[in-house]
Amino acid sequence: MKKDVQKRPIAAVRWEGQAAVVSVTGEIDLSCSGEFQDELLDVLDDKPGSITVDLSNVPHMDSSGIASLIKLLGRSRKASVPVRLAGLQKRVQSLFEITRLDKVFEIYPDVTEALAK
C-alpha cells in the first residue's frame with residue numbers, strides 16, 4: 001500500500017530586508033500543524049524585524065493551524081516582532097472572522113501590502 005506523502009506546510013521563507021516572508025501551501029490541519037508550528041517558530045528564532053505569513057496557497061485551515069498561528073503571535077509579541085497574515089482565501093478568511101481573530105491579527109490582501117506596513 002502506498003503511503004501518502006504530505007508536502008511540508010511551509011514551502012519557502014524569503015527575506016525582504018529584515019522582514020521574513022513565509023510562504024505556506026496546502027491544507028493546514030492536524031496532520032501537519034505540529035510541523036507548521038515548529039517551522040514558524042524557527043523563523044522567529046532567526047530574529048526578523050517582522051514576519052509576513054503568506055496564506056494565498058492555503059485553501060483550508062482547521063483549528064490546529066490557527067492554534068499554531070496564535071502561538072507564533074504570542075511569542076512574537078514577547079520579542080516585539082510584528083506578525084502579518086496575507087492573502088487569505090475566502091474560506092480561511094471567514095474562519096478568522098467567525099472566531100473574531102481578524103481583530104487580533106493584522107490581515108492584508110497580499111504580501112506587497114503587508115510588507116508596506
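Side-chain contact check for L95 versus R91: every heavy-atom pair is 4.5 Å or farther apart. Looking only at side-chain heavy atoms (C-beta outward), I66 and I70 come within less than 4.5 Å of each other. By the 4.5 Å heavy-atom criterion applied to side chains, V24 and M61 are not counted as neighbours. Within the 4.5 Å cutoff, side-chain heavy atoms of D110 are placed close to those of E113. A heavy-atom distance below 4.5 Å is not found between the side chains of L115 and Y108. Under the 4.5 Å side-chain criterion, counting only non-hydrogen atoms from C-beta, V81 is in contact with P48. Using a 4.5 Å cut-off on side-chain heavy atoms (C-beta onward), V53 and F105 make no contact. In this structure, P59 and E27 have side chains that are in contact, with non-hydrogen atoms separated by less than 4.5 Å.
The two residues V58 and V92 have their closest heavy-atom pair at O-CG2, 3.5 Å. Summarising the geometry of P9 relative to I28, their closest heavy-atom pair is CB-CD1, 3.6 Å, with the distance given to 0.1 Å. Summarising the geometry of D62 relative to L30, their closest heavy-atom pair is OD2-N, 3.2 Å, with the distance given to 0.1 Å. Listed here is the closest heavy atom pair of K117 and R84: O-NH2, 3.5 Å. In this structure, F36 and S68 approach most closely via the heavy-atom pair CD2-CB, 3.6 Å.
Annotation: the span from L72 atom CG to L44 atom CG amounts to 6.0 Å, rounded to 0.5 Å. The structure places CG of D54 at 9.5 Å from OG1 of T25, a figure rounded to the nearest 0.5 Å. The CG atom of L69 lies 10.5 Å from the OG atom of S33; values are rounded to the nearest 0.5 Å. To the nearest 0.5 Å, atoms CD1 (I10) and CG (L40) are separated by 4.0 Å.
Residue V111 is not grouped with residue L85 when hydrophobic side chains (ILVMFWY) are merged at heavy-atom distances under 4.5 angstrom, including chains of intermediate members. Linking ILVMFWY residues whenever their side-chain heavy atoms come closer than 4.5 Å, directly or via other members, places W15 and V83 in the same cluster. If you chain together hydrophobic residues whose side chains sit under 4.5 Å apart, V21 and L73 never meet in one group.
Looking only at distances, no side-chain donor or acceptor of S56 sits under 3.5 Å from a matching main-chain atom of G87. Within the 3.5 Å criterion, the main-chain N or O of I107 finds no donor-acceptor partner in the side chain of D102. Judged by distance alone, the side chain of D42 and the main-chain N or O of D45 form no donor-acceptor pair under 3.5 Å.
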List the steps and the verdict of side-chain contact (heavy atoms from CB on, under 4.5 Å) for F96 and V104.
CA-CA 9 Å; F96 276 80; V104 175; over 6 Å; no
Test salt bridge (charged side-chain N to carboxylate O under 4.0 Å, His left out) on R8 and E39; report intermediate values, then the result.
CA-CA 10 Å; R8 294 181 67 169; E39 291 179 357; 2.3 Å; yes
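Within 6.0 Å of CG on L41 lie more than 12 heavy atoms contributed by other residues, nucleotides or ligands.
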